[in-house]
Amino acid sequence: MRSFSSLIRGSIALGIAGALVLSPALLGEAGATTSTVNVVGYSVAGLGIRALEAAFQGTPAGANVTFNNTFGASDTMTTNVANGQAADFVNLSYSPNLTPLVGAGKVPANWATQELTVGGVNVNLTGNKQQTVYNTPGILTDSAVVFVVRQGNPLKIKNWADLVKPGVQIVTPNPTSSGSARWNLLAAYTAQIALKKTSHQAIDYLKKLLSNVVAQPTSGSLSMSAFVAGTGNVLLAYEDDAKAAIAAGNNIQFITPPQTMLIENPAALTTTGLTNPAAVAFYKYAFSKAGQVILAGLGYRPVLKSIATITASSFTNFTKKNSLLRVTDINKNGWTSANLQFFSPTVTFPAGNTTYPRFGIVTYLEQFVGSNG
Amino acid sequence: MSPVKGVARGAAVTFLSLVVLIPFAALITNAFNGGVSGFWSAVTAKESLHAIGLTFFCATLGSALNSAAGLATAWVLVRDRFWGQGLLNALIDLPFALPTVVAGVTLYALYGPLSPIHLSLTGTWIGITLAIMFVTLPFTVRAVQPVLETMTFTAQAAAATLGASPIRIFKTITLPALAPSLLAGTGLAFARAIGEYGSVVFISNNLPYKTELASSYIFSLTSSSQNTAASAVSLALLVVAMALLGLFSVLSYHFSRGNR
């Protein structure tokens, strides 16, 4: 027993000694000229953000800046930041993820206006002077939902109707943890509405689609990994992720369906980020022409009109009517409202109806398909 | 009580509280944030029951198979002498050292649709059980090995001279002596299997109501800010696991008493 307690005493002494030795080093680091920016992003954002960081470090403003990155499923990242994970710059899969961060006091409520105040990008310009492509404040990158298939498209997948044919095996992430999954399922639904289907028919379509799903990995990038590893024959994914996976040499190709959804990935400086000059400079860089050119080169659709114009040839254009849909096409209140309508954990039905929920449509369908399919 | 003893006990209790008890207390508090009814509805949600059921099924199967495989492995390592034995002995611990996500990715490549051995087990309970067996094998081997090493086998030899068959000797002498350590190893493997995430999340394909495991379901809940539900399901999982581990230690006690 004596030796045990002396061991404890010894370790405490060692711990104190260690702290004394280390503390000058820690203090010294805080006093140096290098500064750190904590970046938290959705899983698929990693590629673009890392490229932006590397380029930013090559500019005078970024020369002494180091980055501390965390990437993962968007909803998971949101929860972590809301619960206190250090973050100066957040890049999330979809705008509703900013709502809990505003609620937790981590991000200012007017985060979308940072694009103008910090980024110098004015989304309110119209006509010939239009500065951004889709005029949505606070959005760093645009993309679209696409179908990733095996090289040569052996199943001849062209449109949404092809996905619900028997034998088609779909991979799409789990909508409870992944923002990418939510974009995919909302795109499927909105496409049906654009194809003049009723809301009930669109829900029936989603049900068929979900019965063809063979894997729901926890994030968009893990879904890509599963697909590349041979699971399924169609993957619903971001256009940029598909381009990146093809560029990485995988034996796949992607198809832009005749109706797809505009994906808008927001970025914001947190309240701590706004007080960190390096983070502010990085935000500014990300929204600058130079930053947007880098993102465009990696397959993200640039938000600046000028860059979109010069990079137009590398993207499928959406000039046909109804080829590019938005969340507001099915829910005029946008994402926050659509999120409850489709992904609320609690399912509620309108009076006298037990098949087509008012809230939690996907939650209900997952349960229905899981229990009966 | 001597002052030294008191200090040591105080330090141990403080340490245990900081590392284990406080987090558990927080978990229990969180689980009941929505009251008893909130707890109950989170635990009995269909998706939750399904995930918990599949988790216990695969964990039980995996740890049971491992107790047999682990005993056989430990036996070979202790009782036999062969070339490469030292290397094999060292390899047993590797599943512990490997980050479980790496195990998950490796197993996905091995048993996935592009399996080099043409064995596609992803999205099946067999695949999940295999992954569990992979990460928990060291538990049973390492629990049984020291007991086997110190076993003298004189009783076995005596029984053999009296004409007992090898099977009878194993059943009546060897197994009862090994049972406590075997049960302890199996219990550890089982507990680990219940909470396993990294190695099984890929191979399961994570299909809700079908192949989604409890750990992954809880992860999804926390991701979508349903922390109370996540804590409730975790607590339910812990309670069932504790009950089963309790049963194991009762069995183990029974065996060790019978052995003396």
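Residue numbers start from 1 in every chain, and the chains themselves are labelled A, B, ... in the order their sequence lines are given, proteins ahead of strands.
B/Ser216 places no side-chain N or O within 3.5 Å of a backbone atom of B/Glu212 that could act as its donor or acceptor partner. A/Thr99 places a side-chain N or O within donor-acceptor distance of the main-chain N or O of A/Pro96, the cut-off being under 3.5 Å.
There is no contact between B/Ser115 and chain A, counting heavy-atom distances below 4.5 Å. Only the side chain of A/Asn83 has a heavy atom closer than 4.5 Å to any heavy atom of chain B. Neither the backbone nor the side chain of B/Glu47 has a heavy atom closer than 4.5 Å to any heavy atom of chain A. For chain A, the nearby part of B/Phe219 is the side chain; its heavy atoms alone come within less than 4.5 Å.
For the atom pair OG1 of A/Thr348 and CD1 of A/Ile361, the computed distance is 9.5 Å after rounding to the nearest 0.5 Å.
Enclosure of atom CZ in B/Phe96 by more than 12 non-hydrogen atoms of other residues, nucleotides or ligands within 6.0 angstrom is indicated.
Taking A/Val214, A/Val171, A/Val213 one by one and counting their heavy-atom pairs under 4.5 Å with chain B, the maximum is reached by A/Val214. Counting heavy-atom pairs closer than 4.5 Å to chain B, the top-ranked of the candidates A/Pro217, A/Ala73, A/Gly72, A/Ser178 is A/Pro217.
A centroid separation of 6.0 Å or more is found between the aromatic rings of B/Phe134 and B/Tyr111.
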